A.B. asks: 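One structure, pasted below without further comment.
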Amino acid sequence: DGGITQSPKYLFRKEGQNVTLSCEQNLNHDAMYWYRQDPGQGLRLIYYSQIVNDFQKGDIAEGYSVSREKKESFPLTVTSAQKNPTAFYLCASSMNWATDTQYFGPGTRLTVL
Amino acid sequence: SQQGEEDPQALSIQEGENATMNCSYKTSINNLQWYRQNSGRGLVHLILIRSNEREKHSGRLRVTLDTSKKSSSLLITASRAADTASYFCATVLMDSNYQLIWGAGTKLIIKP
């Protein structure tokens, strides 16, 4: 089955802890994205990667970090510097940065206790 | 900043009826896309319409684009319970780096 997987589905974090959200795709897509979704709002772009070993900040990158060491993987770390991390996090990929259709994973719901 | 704004925020109709959702945007676009999100899940791409197109169809879905009014509509005909979801429009701006700008979505409920 081709697609995007995210893990875990639910994640609980204590204040002051860093956590890493996993995103893997086997679609052979060059571009990958991380979005944050809050209730009643649209998606906001955290980071994106147009190609392996490269990534760029999106609109709300503060308090987050990413890596893109492999084409298939684009993990997101939510650091203790992120003031309000409780949200639904969505990973997506597309054939390349200029390709229009994005394919989404099932999401990770992060709750800070 | 939010580029697309969907209207209405929520819509509840009977199964079998048609559902219409609207999206307005502020600046010139390269294309506009519609996505569906079932509760607590990822988004699924439905239709993409380019700035030089006026209408597109996909099964029971019909999307129109009026660039003079900076608006788009998504029509779902003969709605089914499985159509219950949130629907989002996303725009690629004319002079952007292909970043998608998302609206806040319309929550559609189909009553059996």
Side-chain angles (χ1 to χ4, degrees), chain A residues 3-11 21 23-25 27 29-51 54-61 87-111, chain B residues 1-10 21-26 29-53 56 58 61 63 65 72 85-107:
Chain A
I4 302 179
T5 58
Q6 290 185 243
S7 62
K9 188 176 174 73
Y10 299 97
L11 187 56
L21 283 60
C23 178
E24 304 276 333
Q25 55 99 358
L27 300 168
H29 286 171
D30 281 325
M32 297 186 74
Y33 315 79
W34 273 106
Y35 292 96
R36 171 181 171 137
Q37 186 178 31
D38 293 285
Q41 295 188 35
L43 277 63
R44 292 185 289 168
L45 184 64
I46 304 172
Y47 268 97
Y48 64 93
S49 169
Q50 298 184 37
I51 200 164
D54 179 71
F55 52 83
Q56 307 293 332
K57 292 182 179 180
D59 299 321
I60 57 165
F88 190 51
Y89 291 88
L90 287 159
C91 179
S93 71
S94 62
M95 186 78 70
N96 55 59
W97 176 247
T99 299
D100 306 302
T101 299
Q102 293 188 13
Y103 297 84
F104 283 80
T108 292
R109 188 166 298 279
L110 173 64
T111 302
Chain B
S1 61
Q2 218 156 280
Q3 158 79 335
E5 293 185 5
E6 286 94 338
D7 169 58
Q9 290 186 328
M21 288 157 274
N22 303 296
C23 173
S24 59
Y25 55 92
K26 298 172 183 172
I29 60 171
N30 177 289
N31 68 70
L32 185 146
Q33 304 175 37
W34 285 92
Y35 287 78
R36 183 188 74 231
Q37 183 181 34
N38 290 90
S39 182
R41 310 291 291 274
L43 280 74
V44 175
H45 182 263
L46 296 176
I47 285 186
L48 180 153
I49 187 163
R50 301 194 183 280
S51 60
N52 62 350
E53 297 175 313
K56 287 190 84 169
S58 176
L61 306 181
V63 168
L65 179 65
S72 173
S86 291
Y87 292 82
F88 294 88
C89 71
T91 53
V92 176
L93 305 183
M94 186 67 76
D95 298 320
S96 78
N97 60 351
Y98 295 100
Q99 179 178 329
L100 281 177
I101 309 297
W102 297 83
T106 292
K107 187 165 186 176

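Predicted model only: the values in this text are computed from it and were never measured.
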A.B. asks: Once rounded to the nearest 0.5 Å, what's the spacing between atom CH2 of A/W97 and atom CD of B/Q99?
C.D. replies: 5.5 Å
A.B. asks: Between A/Q37 and B/Q37, is there a side-chain heavy-atom distance shorter than 4.5 Å?
C.D. replies: yes
A.B. asks: Among B/N30, B/L100, B/V44, who wins on heavy-atom pairs under 4.5 Å with chain A?
C.D. replies: B/L100
A.B. asks: Nearest 0.5 Å, please: how far is CZ in A/F104 from CZ in B/R41?
C.D. replies: 14.5 Å
A.B. asks: What part of A/Y103 gets closer than 4.5 Å to chain B, counting heavy atoms only: side chain, backbone, both or neither?
C.D. replies: neither
A.B. asks: So with a 6.0 Å cut-off around CD of B/Q9, is the heavy-atom count from everything else above 12?
C.D. replies: no
A.B. asks: Less than 4.5 Å apart, any side-chain heavy atom of B/Y35 and any of A/L43?
C.D. replies: no
A.B. asks: Would you mind checking which part of B/L48 comes under 4.5 Å of any heavy atom in chain A, side chain (CB onward), backbone (N, CA, C, O), both or neither?
C.D. replies: side chain
